[in-house]
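Chain naming here is simple, since letters A, B, ... match the order of the sequence lines and numbering starts at 1 in each.
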There are 2 protein chains.
Amino acid sequence: MKTCAHKHTGKKQELASLTGRLRRESRKITGPRAAILEILRHYPHPLTNKEIFAELPKGSCDLVTIYRAMQMLEKLGMVKRFDFGDGTARFELVGEGDDGHHHHLICTRCASVVEIEECFPEEIERRIAIANGFTGVTHRLEFFGVCPDCRK
Amino acid sequence: MKTCAHKHTGKKQELASLTGRLRRESRKITGPRAAILEILRHYPHPLTNKEIFAELPKGSCDLVTIYRAMQMLEKLGMVKRFDFGDGTARFELVGEGDDGHHHHLICTRCASVVEIEECFPEEIERRIAIANGFTGVTHRLEFFGVCPDCRK
DNA sequence: ATTTAAGTTGCAAACGATTTGCAATTAAAC
DNA sequence: GTTTAATTGCAAATCGTTTGCAACTTAAAT
């Protein structure tokens, strides 16, 4: 039940390391995939599929291909899906070995995002699990507020 | 920045109290609305619009009317919207004065829901806000795990 | 280098949740 | 009762996401 042992060092992963992970799973390295990974590895924050699409050299690939790529990458544990509550999924690249579990602080005015190190206290989570007889408990947690720039 | 001063006593609200709140906002008490509130006040857990629709005596009202009612009730602060990450909004009636802020523990197998008293520690949240220069910080938090019944 | 089989892609169409336009209806005040 | 603003139902539109399918590559086998 390790939940918070991530070190969010924001260091870019090598593209070779990423394609290697794909190859190991007998996935093909295609133009679209390389392009998508290339975008992801340069961004420190979660991106929506549309945002990835917009960053991609136009014509690189179809939006649907991005949806399919993200589904697959998520299944392989190479990206983590985040939900900011606006009905649009966001994805962030996850380092090898890391489970990607962490949280964000989102500005409700301008939607800027800050990666957060803090996590829900394990001890309290454990207590909640036990009190209700649940096993394998995790959580989804995001913070919202007004950022310095938007505070006018 | 009070976030967790709720008492989740699960006690049903009087229908009269609910309609009173509507009246005060010069909202009309209609058949559909009374029926919807009637359902909500009997359920201790968040319901989707479809679930409310299903509980309603058939023909009571259109699904769209429920969507509109929930939008309005949310704006008046009479219901709170929750997001369990499955792309479907859920609503729970909120007591007068209460802001409805609380969390849930959801079974990933059978989707059963437990209301949770615990909240993210205010002190840590304050620290996060200050560290990043944000104001008016809150959070969205839900727990997921396998319930006793599903643990087989 | 050529073949081959599995994995991929684009495009159109399908989906599910939610919203919107609009004319017909109704609650509540006069 | 009349009047007026709020509300409803129904159809159609939106938005994010998924799926069907035929054409097309990648990577492994020959």
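- Residues passing the ring pair (Phe, Tyr, Trp, His ring centres under 6.0 Å) test with F82(A), sequence neighbours excluded: H102(A), H104(A).
- Contact annotation for S60(B): backbone-only contact, meaning every heavy-atom pair under 4.0 Å involves sugar-phosphate atoms and none involves a base.
- E55(A) is linked by a side chain to side chain donor-acceptor pair (under 3.5 Å) to Y43(A), counting only residues two or more places apart in sequence or in another chain.
- Distance CG (D86(A)) to C1' (dC15(D)): 11 Å, rounded to an integer number of Å.
- For the pair E51(B) CD and dA17(C) P, the interatomic distance rounds to 11 Å; values are reported in whole Å.
- Contact annotation: Y67(A) does not reach the phosphate of dT18(D) (side-chain N/O to OP1 or OP2, under 4.0 Å).
- Two residues are said to be in side-chain contact when any heavy atoms from C-beta on lie closer than 4.5 Å; V137(B) and N132(B) fail this criterion.
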Letter per nucleotide, 5' to 3', of nucleotides 19-30 of chain D [B base touched, S only sugar-phosphate touched, - untouched; heavy atoms, 4.0 Å]: BB----BBS---
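- Atoms CG (L63(B)) and P (dG9(D)) sit 11 Å apart, rounded to a whole Å.
- Rounded to whole angstrom, the span from the CG atom of D62(B) across to the C1' atom of dC22(C) amounts to 14 Å.
- Between the C1' atom of dG16(D) and the CD1 atom of I66(A) lies a distance of 13 Å, rounded to the nearest Å.
- Under the ring pair (Phe, Tyr, Trp, His ring centres under 6.0 Å) criterion, F143(B) pairs with F120(A), sequence neighbours left out.
- Here dG16(D) is the nucleotide among dG9(D), dG16(D), dA17(C) with the atom lying nearest to any side-chain atom of T88(A).
- Qualifying side-chain contact (heavy atoms from CB on, under 4.5 Å) partners for T48(B), counting only residues two or more places apart in sequence or in other chains: K50(B), E51(B), T88(B), R90(B).
- Applying the salt bridge (Lys or Arg N to Asp or Glu O under 4.0 Å) criterion to E14(B), with sequence neighbours excluded, gives no partner residue.
- When the C1' atom of dT9(C) is taken as reference, atom CE of M70(A) falls 17 Å away, rounded to whole Å.
- Checking E115(A) against H45(A) by side-chain atom types alone, a donor-acceptor pair falls below 3.5 Å.
- Rounded to a whole Å, the CZ atom of F53(B) is 13 Å from the P atom of dA17(C).
- Take the nearest nucleotide of DNA chain C for M72(A) and for K50(B): the residue whose nucleotide is more 5' is M72(A).
- The side-chain hydrogen bond (donor to acceptor under 3.5 Å, both in side chains) pairs that include a residue from residues 16-36 of chain B are Q13(B)-R21(B), where partners are two or more places apart or lie in different chains.
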Table please: side-chain donor-acceptor pairs of residues 69-79 of chain A below 3.5 Å, with sequence neighbours left out.
unit_1, atom_1, unit_2, atom_2, d
E74(A), OE1, R81(A), NE, 3.3
E74(A), OE1, R81(A), NH2, 3.0
E74(A), OE2, R81(A), NE, 3.2

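- Rounded to 10°, the angle separating the first-five-pair axis and the last-five-pair axis of the helix from dT19(C)-dA12(D) to dC30(C)-dG1(D) equals 30°.
- Following rounding to the nearest Å, R90(B) (CZ) and dA17(C) (P) show an atom-to-atom distance of 10 Å.
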